[in-house]
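Mind looking over this structure? Questions follow.
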Amino acid sequence: MLTLRINGTEHQLDLDPAMPLLWAIREHVGLTGTKYGCGMAQCGACTVFLNGAPVRSCSTPVSVAAGGEVVTIEGLVKGLGVGALGKVGQAVRTAWLELDVVQCGFCQSGQILAATALLAENPDPTNAQIDAAMSGNLCRCATYARIRDAIRRAADALV
Amino acid sequence: MKTTNHQMATIAPDTIENAGRRTFLEAGIAAGAGLLLGLRIGPVPAADTGHAGTAPAAAATFAPNAFVRIGTDDTVTVIVKHLEMGQGTFTGLPTLVAEELDAAWDQIRAEGAPADATRYNNLLWGSAQGTGGSTALANSFEQLRKAGAAARQMLVAAAAQRWQVPAAEVQVKDGVISHHAGHSARFGELAEAAARLTVPTEVRLKDPAQFKLIGQPGLHRTDGPSKTDGSALFTQDVRLPGLLTALVVHPPRFGARVKRIHDTEARAIPGVERIAEIPSGVAIIARDFWTARRAQDTLRVDWDETDAMTEGTAEILARYRELAKSPGAIARQDGDVDAALAGAAQVIEAEYSVPYLAHAAMEPMNCVIEPTDHGIRVWNGEQFQTGDQAALAKVFELAPEQIEIRMLFAGGSFGRRANPASDYLIEAAHCYLALRARLPVKLQWTREDDMRAGWYRPLYLHRIRAGIDSKGRPVAWDQRIVGQSIIAGSAFEPMLITDGVDQTSVEGAANLPYAVPHFRLDLHSPQLPVPVQWWRSVGSTHTAFAGECMIDELAVAAGQDPVAYRLRLLKNHPRHLGVLKLAAEKAGWGQSLPKGRGRGVAVHESFGTTVAQVAEVTVRKGGQFRVDRVVIAVDCGLAVNPDVIRAQMEGGMGFGLSAALLGEIRIEQGSVIQSNFHDYQILRIDRMPEVEVHIVPSAQPPTGVGEPATPVIAPAVANALFAVTGQRLRSLPLRLSP
Ligand code: FES
Ligand code: FES
């Protein structure tokens, strides 16, 4: 048995400790906003916060997350268990909606979490800093131009 | 509008109409949903019987439509018959309904239609239901406006009845129905009354001058909220009681077969339900993904490689070069090319090539098969209902109607989910059958499966010889294309292969827009065991590259400016002229740039939409380069959703840039080398240029925008690199020598 705190709620789970956190979240807790895209830390679709920092849940064993605080896209948007990140996450999501960033949408949970992490650390990033921080998150639909614009918009909204 | 006749001819026979319509109206009232509209749309002109695969016009006089549902809670649900895979169809199609209905945009919801080609066929595909070829908006333009207009007419009639006023005096605006005597009602309040009225057989559509939503910016995507809070449902996200996960071990080489499975260890893993050979490999079915994955890691398979492919990319290319020496099947021939080449002042000869490419949608292929009392329910990012229903019916030995399909969002497709052989759906079906239990099964491909199990944009080789006269004008163009046919062996073969020419292999080349008096295009379609498929913009992915680079070569040989050269040769192509001029002007074509920087241009039409792009590049020492800025001009007829168009131009260009800079699937000894995003790189944000999109104003019927931006960028960048370095790159991905 291990204990996972996800979006402020505790879950007791009987899982292989080596199981990636991604599959625990998706298939055993039932939160499917976090996506499988590559399984090897290449695409960022599986990004979640672990103790306030973005991690690739496909490459993080669930045992590593046990006892920690996990936040997924569902929690970020509802402000569950996120603390100060919640405000940043809201601003990011609002900018995403205003600029209609999404296309297929499959990468976007990861993009929104990565953007939130960036703005939480650097409230006024340059284009180069945005590119550096976001280059681990693939978007096959290439919504990148709007991702940049939305991050700048969210940054402006937060000052 | 011009599209009317064609659309009308493709409607299904009227035998289904009454039953279908009645069911829908009844269902709507019974469910308390208010007005559920089954609409019969206007008569078919007797003259138009021209579409393949459709019922003759006489039998297709009327047909049912079920596209609008208005709830008593005031929501307007638009039933969308096309797959939302990112291209914005869940926004574009509802715009058409909302416009004619005079609804407020925020009361609009979009919902995917079930598989039912009698009501939801693609009007440009005859009797088939599916999404592709950038046809969603074009084929729905009139159909959905009529659906919206009919709903409006019924709401107005209901209001007139309730208020005892003439219908002509009733107004509708922003979702509110009113009369000057002081009456006012929301749609929801009149929905039930309207549902009891007779469905009109004729409706009047707005004059485009009255459009309030069409053409307006600021209509937000209907799928925006659910795709930013984790609630949007993709196939990957389907959860059902008892659902099992299937992974499949695919052969390491195309054509290899299972000889022996060593699964003792794998079977011993708790939660592994079944391991069995299926036609496409070995299925591992387990209680969850991780259990299946662990079993996969321990499983060993001996493969029978008797019939396995032994060639690789290098051998294929060598073979194609040999083939290119002999004439192929003629796709188009004007004048006397050989004589014109012999008499030309200068002949330029070049070979262009492009590699195999994977679609690599962010959501790896997957499909859920669920047993029901009536047959089988399929959960899928469903792109080709008619083909998949028929294919699955065969596997399950059921009637196609017993295959119910739930169309979910697709995490990208780029053509992949409309597979001509229904490959992954059939594989999912075999996994289910191998289980021998009535439990739902989700086939989940890993990224590695998605990358290596085939169905690529084919590798192509082009050889072009072109002659110019003493003034630099092209007098002859002789082009030969070598590459696998996508269409051969598919259901589309009778329609799309004519006189031995797969039209999708030559599209974009056979219709070269430039004025060249002597022209010949021929084609070799060799057969290979590599499964190939349409990939965002299909034939244009390679024909635009070869054609738009070659015309640049001619401009250089003629000593002329590439834009001016093209403009002179495009006199009869006003849309090409329009986008080319607009892009050049906005990009500042002709203005000087600092050393190491340069511009390149390309213009290309696909799926009726014309796109020009000007790419600005910076080249550094050592052959490293960066695309800094891309200016795009597009003519897609009437711009229904300008912002969706912009998004598709940005993303479609980025998708093409990914292939231009990075994309290559390499095969060695029948095996695919790439396996995941570390060795099949796709564009990341740090290489995304600044993009500017300009839309040519137009009142012509709208054409699609999902694909046409993709093929234009590779030649634009290649031409820009030539402008800076003098190096002419003729194969993709683009690599400068240091
Ligand atoms: S799924 Fe984790 S990084 Fe791709
Ligand atoms: S929106 Fe489709 S992968 Fe990013």
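So you know, we letter chains A, B, ... as the sequences are listed, proteins then strands, and number each from 1.
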Practice item. Could you tell me whether A/K78 and B/D229 make a salt bridge, using a distance below 4.0 angstrom between a side-chain N and a carboxylate O? Key: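 Salt bridge: no.
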Exercise for review: Report the option among A/Q108, A/E74, A/R93 that has the most heavy-atom pairs separated by less than 4.5 Å from atoms of chain B.
Suggested key: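 The candidate making the most pairs under 4.5 Å is A/R93.
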Exercise for review: Examine whether an atom of A/R26 lies under 4.5 Å from a heavy atom of chain B, and if so say whether it belongs to the side chain, the backbone or both; otherwise answer neither.
Suggested key: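 Interface part for A/R26: both.
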Point to revise | side-chain contact (heavy atoms from CB on, under 4.5 Å) partner of A/H11, the single match among A/I25, A/V29, A/T3 | key: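 Testing each of A/I25, A/V29, A/T3 against A/H11, the sole residue satisfying side-chain contact (heavy atoms from CB on, under 4.5 Å) is A/V29.
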Review point. When only pairs under 4.5 Å are counted, which of B/A360, B/A361, B/G654 shares the most heavy-atom pairs with chain A?
Key: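 Highest number of pairs under 4.5 Å: B/A360.
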**Study point:** Most contacts with chain A, counted as non-hydrogen pairs under 4.5 angstrom, among B/E448, B/Q648, B/R239, B/M451
**Key:**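 Max contact count across the listed options: B/R239.
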Review point. When you check the gap from the basic side-chain N to the acidic O, do B/D449 and B/R447 get nearer than 4.0 Å?
Key: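 A salt bridge is absent here (no side-chain N lies under 4.0 Å from a carboxylate O).
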Practice item. Side-chain contact test, heavy atoms from C-beta onward, threshold under 4.5 Å: evaluate it for A/F49 versus A/V55 and give yes or no. Key: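 A side-chain contact is absent here, since even the closest heavy-atom pair is not under 4.5 Å.
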Check your understanding: Salt bridge check: are B/R684 and B/D686 linked by an N-O gap of less than 4.0 Å?
Key ->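 Result for this pair is no, no salt bridge flagged.
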Exercise for review: Could you tell me which portion of B/P225 (side chain, backbone, both or neither) has an atom closer than 4.5 angstrom to a non-hydrogen atom of chain A?
Suggested key: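 Answer is both: backbone and side chain atoms of B/P225 are under 4.5 Å from chain A.
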Point to revise | Centroid-centroid under 6.0 Å between B/W535 and B/F655 rings | key: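 Yes, the ring of B/W535 comes within the 6.0 Å limit of the ring of B/F655, centre to centre.
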Review point. Contact part of B/S231 toward chain A, heavy-atom cut-off under 4.5 Å: side chain, backbone, both or neither?
Key: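 For B/S231, there is no contact with chain A at all, as no heavy atom is under 4.5 Å.
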Check your understanding: Can you say whether B/R221 sits under 4.5 Å from chain A via the side chain, the backbone, both, or neither, judging by heavy atoms?
Key ->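 Both parts, backbone and side chain.
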Check your understanding: Do B/F409 and A/F106 have ring centres separated by under 6.0 Å?
Key ->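 Centroid separation for B/F409 and A/F106: 6.0 Å or greater.
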**Study point:** For chain B, the option from A/E27, A/M134, A/H28 that forms the most heavy-atom pairs under 4.5 Å
**Key:**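 Among the listed options, the one with the most contacts to chain B is A/E27.
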**Study point:** Interchain contact, B/R287 with chain A, by part (heavy-atom threshold 4.5 Å)
**Key:**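 No part of B/R287 comes within 4.5 Å of chain A.
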Check your understanding: Given that the side chain runs from C-beta out, which part of A/L15 has a heavy atom under 4.5 Å from chain B: side chain, backbone, both or neither?
Key ->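 A/L15 has no heavy atom closer than 4.5 Å to chain B.
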Review point. So does A/Q129 have more than 12 non-hydrogen atoms from other groups sitting under 6.0 Å from CD?
Key: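 Enclosed.
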Review point. Between the main-chain N or O of A/L138 and the side-chain N or O of A/Q111, is there a donor-acceptor pair closer than 3.5 Å?
Key: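 Confirmed, A/Q111 side chain pairs with A/L138 backbone.
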Check your understanding: What residue, out of B/V644, B/N676, B/T245, has the most heavy-atom pairs lying under 4.5 Å from chain A?
Key ->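 Highest number of heavy-atom pairs under 4.5 Å: B/N676.
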Point to revise | Sidechain N-carboxylate O distance under 4.0 Å for A/E98, A/R153 | key: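 Counted as a salt bridge, because a side-chain N and a carboxylate O are separated by less than 4.0 Å.
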Review point. Relative to chain B, which of A/G33, A/C38, A/A24 shows the most heavy atom pairs under 4.5 Å?
Key: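 The answer is A/C38.
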Point to revise | Residue, of B/T228, B/D643, B/T91, that accumulates the most heavy atom pairs under 4.5 Å with chain A | key: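 Heavy-atom pair counts peak at B/T228.
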Point to revise | Any side-chain heavy-atom pair of B/R452 and B/S675 under 4.5 Å | key: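 In contact.
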Practice item. Heavy atoms only, distances under 4.5 angstrom: which of B/M653, B/R294, B/M85, B/E363 has the most pairs with chain A? Name it, please. Key: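 Most heavy-atom pairs within the cutoff with chain A belong to B/E363.
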Review point. If you measure from the Lys or Arg side-chain nitrogens to the Asp or Glu carboxylate oxygens, is any gap between B/R536 and B/E707 under 4.0 Å?
Key: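 Between B/E707 and B/R536 there is no salt bridge, as every charged N stays at least 4.0 Å from the carboxylate O atoms.
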Review point. Any sub-3.5 Å donor-acceptor pair from A/T47's side-chain atoms to A/P54's backbone N or O?
Key: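 Not confirmed, A/T47 side chain does not pair with A/P54 backbone.
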Exercise for review: Could you tell me which portion of B/Q444 (side chain, backbone, both or neither) has an atom closer than 4.5 angstrom to a non-hydrogen atom of chain A?
Suggested key: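 It is the side chain, since no backbone atom gets that close.
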Review point. So what's closer than 4.5 Å to chain A heavy atoms on B/A232: side chain, backbone, both or neither?
Key: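 Contact with chain A: backbone only.
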Review point. Pick from A/G105, A/A132, A/G136: which one has the most heavy-atom pairs with chain B under 4.5 Å?
Key: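 Among A/G105, A/A132, A/G136, the one with the most close pairs to chain B is A/G105.
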Check your understanding: For the candidates A/D100, A/V92, A/V77, which exhibits the highest count of non-hydrogen atom pairs separated by less than 4.5 Å from chain B?
Key ->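 The option with the most such pairs is A/D100.
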Check your understanding: Relative to chain B, which of A/A18, A/G75, A/A41 shows the most heavy atom pairs under 4.5 Å?
Key ->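 Winner by heavy-atom pair count: A/A18.
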Review point. Where on B/M362 is there a heavy atom nearer than 4.5 Å to chain A: the side chain, the backbone, both, or neither?
Key: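 For B/M362, heavy atoms of backbone and side chain both lie under 4.5 Å from chain A.
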Exercise for review: Name the region of A/A45, side chain, backbone, both or neither, that has any atom closer than 4.5 Å to a heavy atom of chain B.
Suggested key: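 The side chain, not the backbone.
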Check your understanding: B/D450 and B/R416: salt bridge (charged side-chain N to carboxylate O under 4.0 Å, His left out), yes or no, with the steps?
Key -> CA-CA 10 Å; B/D450 197 89; B/R416 182 64 182 87; 5.5 Å; no
Point to revise | Salt bridge flag under 4.0 Å for residues B/E692 and B/R629 | key: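 Yes, this pair counts.
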Exercise for review: Heavy-atom distances under 4.5 Å only: say whether A/S135 touches chain B with side chain, backbone, both or neither.
Suggested key: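 When you check distances to chain B, atoms from both the backbone and side chain of A/S135 fall under 4.5 Å.
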Check your understanding: Which atoms of B/L219 come close to chain A, meaning under 4.5 Å heavy atom to heavy atom: side chain ones, backbone ones, both, or neither?
Key ->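 For B/L219, the backbone is the part near chain A, not the side chain.
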Point to revise | Proximity breakdown for A/I112 and chain B, heavy-atom pairs closer than 4.5 Å | key: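 For A/I112, side-chain heavy atoms alone lie under 4.5 Å from chain B.
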Point to revise | When B/E690, B/H678, B/Q236 are compared by non-hydrogen pairs under 4.5 Å with chain A, the top option | key: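 Most heavy-atom pairs under 4.5 Å with chain A: B/Q236.
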